[in-house]
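Chain letters run A, B, ... following the sequence lines, proteins first, then strands; residues in each count from 1. Hydrogens, waters and symmetry mates are skipped; everything else that's a heavy atom, side chains included, is used.
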Amino acid sequence: MNSVELLMKRPSARTGALRKPIPASTEANDIWSTGGDDVDIEWIETSPVLAARFAEFANATWVDADALTQNYLTGAKDGLVMVVAGQNETAVNSPRVKVARSALEAKRNAMAVRLRMLRSLPSDHDGQGAAAPSIESIDAALAFLGHLVTPHRFSVTVNDDGYAVVEFEDRKSGFAADITFLDGNGLVECYYRPSRFEPSDMITGMLNDSDVQAFLSQKMGVVA
Amino acid sequence: MEPSGSSEPSLQEKCRAIFEGNEKNPKLADMLAQHQQDCVCEGCTVGSTSPGPVASDEHLHRIIISPRDVDEEGYVAAAPFEKVFSSGLSVVRSVASIEDVERLVTDGLWTKSEQPLGSVKLILTASVAEIREKRAEGGRPFCVYDQTVPRRFEAGEQVPTHAGVFLRLPPPGTDDRKKLQKDFARELRDIFLKDVRNSADVFDGLLIMLSERALKGEFIIVE
């Protein structure tokens with residue numbers, strides 16, 4: 001069963017049928033573009049809700065936050081549907097898929113370059129006592145970035161303690177999240193604010209712990 | 001009866017004592033919250049060369065110079081705003097003279113040889129009133145002080161129109177304190193992101209000129 005079939009067979013109470021189906025075949029970690037057409041997915045409220053609900057389906061699927069309006073996924077901004085499915089998928093035969101995939105890869109590469117640049121900052125680089133970036137922390141973030149799949153806008157920085165931070169944001173909805181790499185061994189602090197009007201949540205633990213993985217995928221909409 | 005001329009320090013002296021020499025102290029926000037409740041030091045002149053307390057009809061400029069604060073696509077990082085709950089968010093008051101802005105920005109543009117060359121990336125502006133009008137359980141979360149800072153290479157000289165924004169909530173010992181502090185830092189960032197300008201659009205082109213000098217290598221620290 002591929003992820004698209006799963007979505008169509010497991011509607012929640014609020015789920016309407018996809019009036020314009022997602023292309024019938026996908027592959028793991030593939031990215032599908034709406035290709036300029038409107039797709040009506042009636043049960044979408046906000047992208048974090050979408051991320052959480054899809055994660056319930058075991059195979060996580062996300063939609064680019066910028067492409068979402070109240071109830072519609074529109075293709076006006078060439079929005080992407082990212083399908084991160086587990087098994088038995090085939091490729092989407094669309095040239096746009098490759099474009100979308102390369103865009104994500106380009107973004108990941110640009111952020112890796114940025115992290116390496118930040119590594120050269122000395123202590124007190126801000127004139128306000130910030131610590132020099134931690135090489136171990138930056139290396140851990142670089143390893144994470146290499147596999148990152150997310151619909152959210154993301155960027156990287158270092159905090160005052162010198163730890164690498166990957167930040168995610170959707171300014172329209174107020175969604176905000178970050179992952180701080182507290183050492184080189186996988187200890188992370190994850191923060192998540194679904195919107196400006198909903199309470200935030202935070203977890204600290206090892207990146208490969210199931211609790212942390214669930215927090216990342218179900219709340220933050222992040223897979224790595 | 002207490003004799004007149006008591007040696008008890010005045011509020012202003014107490015407030016100044018907390019700030020003095022603590023510009024880089026990551027515990028400064030906690031020290032302020034602990035010793036001075038409810039932003040009471042806002043009514044005092046805490047900076048030694050300040051023209052006076054920050055008025056609510058002023059604006060604050062956050063001049064972004066460090067490459068860690070903004071990426072190549074113009075995304076303004078959230079992490080640096082967490083300074084609001086450590087050593088304070090460093091800003092320039094709208095009452096600053098062009099000479100003060102030049103001094104402060106020049107100090108920020110100096111880099112060590114192994115660092116990327118500095119330049120002014122963006123200017124974020126916020127209304128002091130909007131920051132002070134925020135309310136949360138426990139009262140006002142943010143205080144704005146006329147905190148002056150020493151010049152980087154001019155011993156004894158201060159930038160008089162610098163200011164600091166500090167978070168005073170939630171108090172130490174609160175459950176999920178770090179998470180709540182991050183919430184407030186995000187809220188403060190949201191306020192500053194309402195007004196984002198390029199360096200060409202403010203201070204009569206001064207920031208463009210300073211950035212050009214920095215990118216030519218004029219502000220490299222020789223060690």
Given Gly118(B), Ala78(B), Ser87(B), the one with more heavy-atom pairs under 4.5 angstrom with chain A than any other is Ala78(B)

Below 2.5 Å, is that where the SG pair of Cys143(B) and Cys39(B) sits? yes

Which of Gly129(A), Ala130(A), Gly174(A) touches chain B most, by non-hydrogen pairs under 4.5 Å: Gly129(A)

Do Thr148(B) and His162(B) pair up side chain to side chain, a donor and an acceptor below 3.5 Å, judged on atom types alone? no

Hey, does the Lys NZ or Arg CZ of Lys134(B) hover above the aromatic six-ring of Phe142(B), less than 6.0 Å from the centre and inside 45° of the axis? no

Chain A contact via Lys179(B) - side chain, backbone, both or neither, heavy atoms under 4.5 Å: both

Please classify the contact between Val70(B) and chain A as side chain, backbone, both or neither, with a heavy-atom cut-off of under 4.5 Å. backbone

Examine whether an atom of Asp126(A) lies under 4.5 Å from a heavy atom of chain B, and if so say whether it belongs to the side chain, the backbone or both; otherwise answer neither. side chain

Shorter than 4.5 Å, heavy atoms on both sides: which option in Ser66(B), Ser86(B), Pro67(B) has the most such pairs with chain A? Pro67(B)

Side chain to side chain contact (heavy atoms under 4.5 Å, CB included) for Leu180(B) and Leu169(B)? Distances and angles first, verdict last. CA-CA 8 Å; Leu180(B) 297 168; Leu169(B) 295 175; over 6 Å; no

State whether Lys83(B) and Asp160(A) are salt-bridged, where the test is any N-O pair (Lys NZ or Arg NE/NH1/NH2 against Asp/Glu carboxylate O) under 4.0 Å. yes

How about Phe144(A) and Phe181(A): are their ring centres within less than 6.0 Å of each other? yes

Quick one: which of Thr180(A), Leu118(A), Thr157(A) has the most heavy-atom pairs under 4.5 Å with chain B, could you say? Thr157(A)

Please rank Pro133(A), Pro199(A), Ser200(A), Gly127(A) by heavy-atom pairs under 4.5 Å with chain B and give me the top one. Ser200(A)

Under 4.5 Å from any heavy atom of chain A, what part of Thr111(B) do you find: side chain, backbone, both or neither? neither

Taking Arg114(A) for its side chain and Val156(A) for its backbone only, find out whether a donor-acceptor pair lies under 3.5 Å. yes

Taking Glu23(B), Glu73(B), Glu187(B), Lys182(B) one by one, which has the highest count of heavy-atom pairs under 4.5 Å against chain A? Lys182(B)

